[in-house]
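Heads up, the thing below is written out as structure tokens.
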Amino acid sequence: MKQIQGIKGVRDVLPGESDVWHHIRQKARDVFQTFGYSEIVIPVIEFTELFTRSIGETTDIVEKEMYTFDDRDGKKITLRPEGTASVVRAYIEHNVRETSPFSKLYYTGPMFRRERPQAGRYRQFYQIGAEVFGIGHSMIDAEVLSMLNLLLDSLNIKGVELQINSIGCPQCRPAFREALRNFFADKRSELCENCQRRFEFNPLRILDCKATHCHKLAEKAPKTLDYLCSECLTHFKGLQDSLKTAGVPYVLNQRLVRGLDYYTRTTFEFVGTSLGAQNAVAAGGRYDNLVEELGGPSTPAIGFSIGMERLVSLFDNSSMERRSSGIFIAALGETAQEKAFFLLTQLHRQEIPAVMDYSGGSLKSQMRKADKLNARHVLIIGEDELAKGIAILRDMKNKTQEEVPFSEIVQKLRGEISI
RNA sequence: GUGGGCGUAGCUCAACUGGUUAGAGCACUGGACUGUGGCUCCAGUGGUUGGGGGUUCAAGUCCCCUCGCUCACCCCA
């Protein structure tokens, strides 16, 4: 029979790694909470239009990467390729601004993009994201970056660099686009095929091109900061001042241009130096017009998302404590198993972590299992113990053991064992 | 969508220019220790060499097809 495999670009997170995932998510929740964020749970599917309108018709995501299908009633539905659009939709749809004091939201979950998989890139990948609505001040930009910085620190992540840039606003960006067009106009034939297309619809992206020749050409290209309007410039300077106040290290990267259409002003990326080609661990930016463009009231906003798989690959799990199974019950013979099973249920009722081996194998093999599961204590029950009405309680670490009457076991374990 | 690299035991990998019964470490099971884990030693289980076809006296090795993985481009978390 043919073996059924998982879908390309989709993976299973097995026990062991899943402990790391849990740890990271927990840390993120803790850090977000100290900054005043609340969780929002958003759906995995949305009407296709939400993404085409927010991310942009001509972006790669919308043009060729979305998983889109017809619902039974003929409506177009898409598996979300990112989270911001849904959060904004929910924010508007439930009038969160008027009905709730919370303007800082975070989410976690899978995103879907049909790209060719490679290191750090999957077709189903997980993000932890956060968005702040209604604050246009540059200090919140710095606060958001400071929060990310703190999270990476608290996870002991090394070798990550924060890069920031400003891509201006609808007032000043057109002038910059024109300047870029003028600059590249006579060099057009030298650009790579892709950049020739970019010249037409999004010249900013030429700056981002990794083709060596384009990269070289772009070195002398106009810089975005020279074309910012005074408001955008003030905002960007304010951000840098606040980053210094907060003690968040960063570097300026004037080529940092994000691929999604909705970004304005601040854009940023936390880049992992040891990650290979897909090196952005976390990225985001300000999007002051998106809420309005999606039909809401004019509301400035900023957000980011973290690539879970990439963060996990930077995480050093050697310092993580190995999980313990708590109590392991080894029973020898059928009558002893009955008794052991009863004790097991009693322990579980007291929320004492406990597992039992049903294999009926030798004591040696059961002890080996207990060791592999990193059990703190083993309860041994055999014919002799049954006859005496006791169980042997063995401390696996101190290698000591004592006899405990059946009637006292639960109480003893509840009182003496700190798991 | 385009290119490169690679598919041998559960995992990591051997097997000279094609040549006998495809090996090792780890893991697993058992024993040394008749009911007590880790360490050590010994033994054992485990393979349609991804799949299909071809060349040959002979294919893990060469050729073709196919499936899969992987890295990079593109793009992005």
Side-chain angles (χ1 to χ4, degrees), chain A residues 2-9 11 14 55 58-65 80-84 108-129 148 192-195 197-198 202 205 208-212 214 256-260 267-272 275-285 303-314 325 328 330-333 336 357 359 361-386 392-401:
Chain A
K2 202 178 169 224
Q3 178 72 38
I4 299 176
Q5 294 177 292
I7 295 169
K8 185 201 284 291
R11 48 183 239 110
L14 272 13
I55 297 169
T58 64
T59 57
D60 277 24
I61 293 178
V62 169
E63 274 183 347
K64 48 195 192 203
E65 294 174 5
R80 64 180 183 196
E82 59 112 36
T84 301
T108 68
M111 307 297 162
F112 305 85
R113 270 134 77 164
R114 208 197 131 85
E115 304 175 86
R116 195 79 169 259
Q118 77 185 74
R121 189 169 72 186
Y122 303 94
R123 289 185 172 177
Q124 173 172 337
F125 61 99
Y126 288 76
Q127 290 188 335
I128 302 175
L148 265 169
C192 71
E193 213 174 298
N194 271 305
C195 284
R197 275 196 306 129
R198 287 174 180 141
N202 196 352
R205 297 271 286 283
D208 207 22
C209 186
K210 284 168 200 144
T212 44
C214 299
L256 181 57
V257 177
R258 316 255 52 244
L260 283 61
T267 58
F268 55 87
E269 242 174 52
F270 283 80
V271 174
L275 276 182
Q278 310 304 322
N279 60 1
V281 213
F304 64 83
S305 62
I306 302 169
M308 192 64 183
E309 291 82 356
R310 295 178 190 178
L311 185 56
V312 168
S313 72
L314 288 175
S325 68
F328 184 99
L332 301 166
D357 182 18
S359 71
S362 69
L363 181 57
K364 190 187 188 73
S365 72
Q366 296 196 46
M367 289 299 287
R368 257 205 285 264
K369 270 181 208 165
D371 189 55
K372 282 197 192 93
L373 291 167
N374 197 23
R376 302 285 164 82
H377 299 265
V378 176
L379 271 178
I380 301 167
I381 304 169
E383 300 297 329
D384 300 350
E385 289 74 23
L386 222 48
I392 295 172
L393 176 62
R394 180 170 175 84
D395 185 320
M396 294 295 274
K397 209 169 168 185
N398 302 326
K399 300 177 180 182
T400 55
Q401 53 190 45

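In what follows, chains carry the letters A, B, and so on, assigned in the order in which the sequence lines appear, proteins first and then strands, with residues in each chain numbered from 1.
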Identify whether any heavy atom of [X] sits under 4.0 Å from a base atom; if not, whether one sits that close to sugar-phosphate; answer base, sugar-phosphate or nothing.
X: A:Thr59; value: nothing
X: A:Ala119; value: sugar-phosphate
X: A:Ala330; value: nothing
X: A:Gly120; value: base
X: A:Ile380; value: base
X: A:Val378; value: nothing

Euclidean distance, atom [atom1] of residue [X] to atom [atom2] of [N] [Å, nearest integer]:
X: A:Lys64; N: B:rC74; atom1: NZ; atom2: P; value: 11 Å
X: A:Asp60; N: B:rU2; atom1: CG; atom2: P; value: 16 Å
X: A:Arg113; N: B:rC76; atom1: CZ; atom2: P; value: 8 Å
X: A:Glu115; N: B:rG1; atom1: CD; atom2: P; value: 13 Å
X: A:Asp371; N: B:rA27; atom1: CG; atom2: P; value: 12 Å
X: A:Arg116; N: B:rU70; atom1: CZ; atom2: P; value: 11 Å
X: A:Arg394; N: B:rG38; atom1: CZ; atom2: P; value: 11 Å
X: A:Tyr122; N: B:rA77; atom1: OH; atom2: P; value: 16 Å

With hydrogens left out and only the distance checked, is there a donor-acceptor pair under 3.5 Å joining [X]'s side chain and the base of [N]?
X: A:Glu385; N: B:rG35; answer: yes
X: A:Arg121; N: B:rC74; answer: yes
X: A:Gln401; N: B:rU36; answer: yes
X: A:Lys364; N: B:rG31; answer: no

Rounded [atom1] spacing from [N] to [M] in Å:
N: B:rU21; M: B:rU49; atom1: P; answer: 14 Å
N: B:rU20; M: B:rG52; atom1: P; answer: 22 Å
N: B:rU61; M: B:rU56; atom1: C1'; answer: 13 Å
N: B:rG54; M: B:rA59; atom1: P; answer: 12 Å
N: B:rA27; M: B:rC11; atom1: C1'; answer: 8 Å
N: B:rG4; M: B:rC64; atom1: P; answer: 13 Å
N: B:rA14; M: B:rC74; atom1: P; answer: 32 Å
N: B:rU12; M: B:rC69; atom1: P; answer: 15 Å

Looking at side-chain heavy atoms only, is the closest gap between [X] and [Y] below 4.5 Å?
X: A:Tyr122; Y: A:Pro117; value: no
X: A:Gln127; Y: A:Ile306; value: no
X: A:Val281; Y: A:Leu314; value: yes
X: A:Met367; Y: A:Val378; value: yes
X: A:Ser325; Y: A:Asn374; value: no

Residues forming a ring pair (Phe, Tyr, Trp, His ring centres under 6.0 Å) with A:Phe125, sequence neighbours excluded: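 Per chain and number, A:Phe125 pairs via ring pair (Phe, Tyr, Trp, His ring centres under 6.0 Å) with no residue.
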Want to settle it: does A:Glu269 or A:Leu363 sit nearer the 5' end of RNA chain B, counting the closest nucleotide to each?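 Residue closer to the 5' terminus by nearest nucleotide: A:Leu363.
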Using heavy-atom distances to pick each residue's nearest nucleotide on RNA chain B, tell me which of A:Met367 and A:Lys372 is more 5'.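 Looking at RNA chain B, the more 5' nearest nucleotide goes with A:Lys372.
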Keeping the roles fixed (side chain from [X], backbone from [Y]), state whether a donor-acceptor pair exists under 3.5 Å.
X: A:Arg80; Y: A:Pro110; value: yes
X: A:Arg310; Y: A:Gly120; value: yes
X: A:Gln124; Y: A:Arg11; value: no
X: A:Arg376; Y: A:Asp395; value: no

For [N], does either OP1 or OP2 sit under 4.0 Å from a side-chain N or O belonging to [X]?
X: A:Gln118; N: B:rC73; value: yes
X: A:Arg368; N: B:rG30; value: yes
X: A:Lys8; N: B:rC69; value: yes

Bracket string, RNA chain B, 5' to 3' - pairs by Watson-Crick or G-U geometry under 3.5 Å, | interstrand: (((((((..((((.....[...)))).(((((.......))))).....(((((..]....))))))))))))....
Using 4.0 Å as the upper bound for N to carboxylate O, is an ion pair formed by A:Glu115 and A:Arg123?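 No, no charged N to carboxylate O under 4.0 Å.
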Once you round to the nearest 0.5 Å, how far does OH of A:Tyr126 lie from OG1 of A:Thr108?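 If we round to the nearest 0.5 Å, A:Tyr126:OH and A:Thr108:OG1 are 9.5 Å apart.
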Can you name the atoms? Protein N/O to nucleotides 40-42 of chain B N/O, anything below 3.5 Å, with the distance.
none

